[in-house]
Amino acid sequence: VGSTPKIPTFEQLYLYLVDSNHNVQGNKNLNPEYGKSIFLHFKKTFWFKDYLFKYSPKLTLSYLDVNDKIDLIVTNNTPLSLQYNNIDLFRTWGVSLRNQFAYKNISGSIGIGFLGQSKELESVENSNNDFLYTTQANISAAYNLSKWDASFAAFFKYNGPEYQFVYNFNENNETTINRSRLEGYGWLNLTFRKTFYNNLELTIGSRNVLDVTNINLSNGQGSTHNSGTSVQPIGYGRSYFLKLLYPLNFK
């Protein structure tokens with residue numbers, strides 16, 4: 001159980017990322033967040049096959065209540081523009097189950113989470129505190145090639161549809177704020193690591209293998225001033241990396 005204030009970061013206050021593909025801006029008028037949280041964890045480890053197979057499930061229950069939560073709000077659909085703003089009241093509760101396992105040279109985890117969120121803005125007409133729900137799931141696996149001093153790892157995460165606030169215009173050309181729905185998407189990373197001479201470590205891999213860049217953002221309505229669906233950038237696309245690591249031990 002905890003309670004603490006959180007002041008806005010420099011990025012949330014002064015970020016100005018505006019180019020041909022992005023428009024994300026900070027807000028110097030942000031208020032600090034104030035909230036409380038409650039987490040309950042239940043964890044147990046099981047051993048099978050003469051301690052060769054290890055299984056560790058972990059169940060987590062959570063509740064979070066925040067006033068003036070800082071979040072990105074869509075200020076314009078076409079072209080897409082976002083700005084950090086305070087949400088008057090933000091509440092969320094969730095339950096998640098993570099299952100970790102290890103057997104000889106294989107290890108991994110499977111997890112699933114169910115999350116309910118309630119967002120309120122005093123400026124939203126007919127605002128309510130209904131909870132909107134989303135699901136997240138992830139799976140990871142690693143295989144250790146002991147003969148080669150190498151390992152291969154894969155990580156996949158599915159983010160279910162999420163909800164956020166979007167600025168719109170009504171028939172009288174007045175600014176309104178409505179809830180929007182961001183479609184779900186999957187994220188996949190692959191990594192291969194090899195050790196040479198017990199010191200030099202080489203890692204190569206790819207992030208965002210599925211090449212996710214934009215996700216549909218539906219505001220649930222359309223008019224002469226805005227469309228019912230737009231897109232929100234999620235990533236820069238598929239990328240590759242190469243890392244060399246050599247520890248220096250000065251004695």
Side-chain angles (χ1 to χ4, degrees), residues 1-6 9 33-67 69-72 87 89-119 129-146 150-164 181-193 195 201 203 205-210 212 215 234-235 241 243 245:
V1 178
S3 178
T4 182
K6 177 181 178 296
T9 64
E33 297 179 357
Y34 292 90
K36 56 181 176 291
S37 61
I38 301 174
F39 287 86
L40 295 175
H41 303 282
F42 303 91
K43 184 178 180 180
K44 173 68 176 176
T45 299
F46 300 92
W47 295 91
F48 305 95
K49 294 184 178 295
D50 296 328
Y51 292 92
L52 291 178
F53 184 85
K54 179 183 178 182
Y55 170 58
S56 300
K58 180 180 180 181
L59 178 66
T60 298
L61 306 175
S62 62
Y63 176 78
L64 181 66
D65 190 324
V66 181
N67 291 319
K69 183 182 185 300
I70 300 171
D71 202 356
L72 278 173
I87 296 176
L89 180 61
F90 174 87
R91 292 181 298 169
T92 178
W93 72 270
V95 55
S96 64
L97 177 63
R98 185 186 66 183
N99 301 277
Q100 292 183 310
F101 62 88
Y103 179 70
K104 295 183 178 180
N105 294 335
I106 302 175
S107 62
S109 66
I110 300 175
I112 187 169
F114 184 72
L115 185 69
Q117 290 186 350
S118 172
K119 299 180 179 180
N129 58 356
D130 293 341
F131 278 88
L132 302 175
Y133 298 96
T134 185
T135 301
Q136 293 183 341
N138 63 79
I139 180 171
S140 65
Y143 184 74
N144 184 27
L145 303 168
S146 55
S151 64
F152 177 81
F155 174 81
F156 176 79
K157 181 178 181 182
Y158 172 74
N159 296 278
E162 298 181 5
Y163 300 86
Q164 64 187 71
R181 182 180 185 271
L182 187 66
E183 286 189 353
Y185 63 96
W187 198 275
L188 175 64
N189 296 337
L190 300 175
T191 303
F192 176 78
R193 185 179 63 184
T195 301
E201 183 179 287
T203 304
S206 176
R207 297 186 179 95
N208 191 9
V209 177
L210 301 179
V212 179
I215 303 299
I234 295 296
F241 65 91
K243 182 177 72 173
L245 178 64

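On a predicted model such as this, the values are computed, not experimentally measured, just so you know.
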A.B. asks: Within this structure, what is the CZ-CD1 distance for the pair Phe156 and Ile139, rounded to the nearest 0.5 Å?
C.D. replies: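 The distance works out to 9.5 Å.
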
A.B. asks: Does Phe114 offer a backbone N or O that forms a donor-acceptor pair with the side chain of Thr135 under 3.5 Å?
C.D. replies: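 No, Thr135 side chain to Phe114 backbone: no donor-acceptor pair under 3.5 Å.
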
A.B. asks: Out of curiosity, Ser146 OG to Lys104 NZ, how far, rounded to the nearest 0.5 Å?
C.D. replies: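 Separation between the atoms: 11.5 Å.
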
A.B. asks: Would you name the heavy atoms of Ser37 and Leu64 that are closest together and state the gap between them?
C.D. replies: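 In this case the closest contact between Ser37 and Leu64 is CB-CD1, 3.6 Å.
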
A.B. asks: Go through the structure and list residues passing side-chain hydrogen bond (donor to acceptor under 3.5 Å, both in side chains) with Ser206, not counting sequence neighbours.
C.D. replies: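 Scan of Ser206 (side-chain hydrogen bond (donor to acceptor under 3.5 Å, both in side chains), adjacent residues dropped) gives none.
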
A.B. asks: Mind checking what makes ring pair (Phe, Tyr, Trp, His ring centres under 6.0 Å) contact with Phe42, not counting sequence neighbours?
C.D. replies: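 Not a single residue meets the ring pair (Phe, Tyr, Trp, His ring centres under 6.0 Å) criterion with Phe42.
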
A.B. asks: Show the nearest heavy-atom pair for residues Tyr34 and Pro5, with the distance to one decimal.
C.D. replies: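 Closest heavy-atom pair between Tyr34 and Pro5: CE2-CB, 3.5 Å.
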
A.B. asks: As an exercise, state the distance from CG of Asn138 to CG of Asn159, rounded to the nearest 0.5 Å.
C.D. replies: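 Here the interatomic distance stands at 9.5 Å.
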
A.B. asks: Given side-chain contact (heavy atoms from CB on, under 4.5 Å), test Phe152 with Leu190 step by step and report yes or no.
C.D. replies: CA-CA 8 Å; Phe152 177 81; Leu190 300 175; 4.2 Å; yes

A.B. asks: Heavy atoms only: give me the nearest Tyr55-Pro57 pair and the separation to one decimal.
C.D. replies: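 Reported closest heavy-atom pair: OH-CB, 3.6 Å.
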
A.B. asks: Would you call Glu33 and Ile70 a side-chain contact if the rule is heavy atoms closer than 4.5 Å?
C.D. replies: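 Heavy-atom side-chain distance check passes, below 4.5 Å.
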
A.B. asks: For Glu183 and Ile215, which heavy atoms make the closest approach, and how far apart are they?
C.D. replies: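 That would be O-CG2, 3.2 Å.
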
A.B. asks: With a cut-off of 6.0 Å (strictly less than), are more than 12 heavy atoms of other residues, nucleotides or ligands near NZ of Lys6?
C.D. replies: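 Yes - once you tally the heavy atoms of other residues, nucleotides and ligands closer than 6.0 Å, there are more than 12.
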
A.B. asks: State which residues pass side-chain hydrogen bond (donor to acceptor under 3.5 Å, both in side chains) with Asn189; sequence neighbours excluded, sorted by chain then number.
C.D. replies: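 side-chain hydrogen bond (donor to acceptor under 3.5 Å, both in side chains) check on Asn189 returns Trp187.
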
A.B. asks: Could I get the full list of side-chain contact (heavy atoms from CB on, under 4.5 Å) partners for Ile106, not counting sequence neighbours?
C.D. replies: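 In terms of side-chain contact (heavy atoms from CB on, under 4.5 Å), with neighbours along the sequence ignored, Ile106 is linked to Phe101, Tyr143.
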
A.B. asks: Apply the test side-chain contact (heavy atoms from CB on, under 4.5 Å) to residues Tyr63 and Arg91: give CA-CA distance (whole Å), side-chain angles for both, the deciding distance (0.1 Å), then the verdict.
C.D. replies: CA-CA 8 Å; Tyr63 176 78; Arg91 292 181 298 169; 3.6 Å; yes

A.B. asks: Between atom CZ of Phe90 and atom CG of Asp65, what is the distance when rounded to the nearest 0.5 Å?
C.D. replies: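 So the CZ of Phe90 and the CG of Asp65 are separated by 10.0 Å.
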
A.B. asks: By side-chain hydrogen bond (donor to acceptor under 3.5 Å, both in side chains), which residues pair with Asn105, not counting sequence neighbours?
C.D. replies: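 Residues passing side-chain hydrogen bond (donor to acceptor under 3.5 Å, both in side chains) with Asn105: none at all.
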
A.B. asks: Grab the two heavy atoms, one from Ser3 and one from Gly35, that are nearest each other, plus how far apart they are.
C.D. replies: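 Minimum heavy-atom contact is OG-O, 3.0 Å.
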
A.B. asks: Applying side-chain hydrogen bond (donor to acceptor under 3.5 Å, both in side chains), can you list everything that pairs with Asn208, at least two apart in sequence or on another chain?
C.D. replies: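 side-chain hydrogen bond (donor to acceptor under 3.5 Å, both in side chains) check on Asn208 returns nothing, list empty.
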
A.B. asks: So, for Ser56 and Thr45, which heavy atoms are closest and what is the spacing to 0.1 Å?
C.D. replies: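 Closest pair (atom of Ser56, atom of Thr45, distance): OG-OG1, 3.3 Å.
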
A.B. asks: Other residues, nucleotides and ligands only: do more than 12 of their heavy atoms fall within 6.0 Å of CZ on Phe46?
C.D. replies: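 Yes, enclosed.
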
A.B. asks: Can you tell me how far apart NZ (Lys243) and CZ (Arg193) are? Round to the nearest 0.5 Å.
C.D. replies: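 CZ of Arg193 is found 8.0 Å from NZ of Lys243.
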
A.B. asks: Starting at NZ of Lys43, measure out to OG1 of Thr60 and round the result to the nearest 0.5 Å.
C.D. replies: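 If we round to the nearest 0.5 Å, Lys43:NZ and Thr60:OG1 are 10.0 Å apart.
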
A.B. asks: Go through the steps to decide whether Tyr103 and Lys49 satisfy the test side-chain contact (heavy atoms from CB on, under 4.5 Å), and finish with yes or no.
C.D. replies: CA-CA 9 Å; Tyr103 179 70; Lys49 294 184 178 295; 3.9 Å; yes

A.B. asks: I'd like to know whether Leu115 forms a side-chain contact (heavy atoms from CB on, under 4.5 Å) with Thr92, so could you lay out the CA-CA distance, the side-chain angles of the two residues, the decisive distance to 0.1 Å, and finally the verdict.
C.D. replies: CA-CA 7 Å; Leu115 185 69; Thr92 178; 3.0 Å; yes

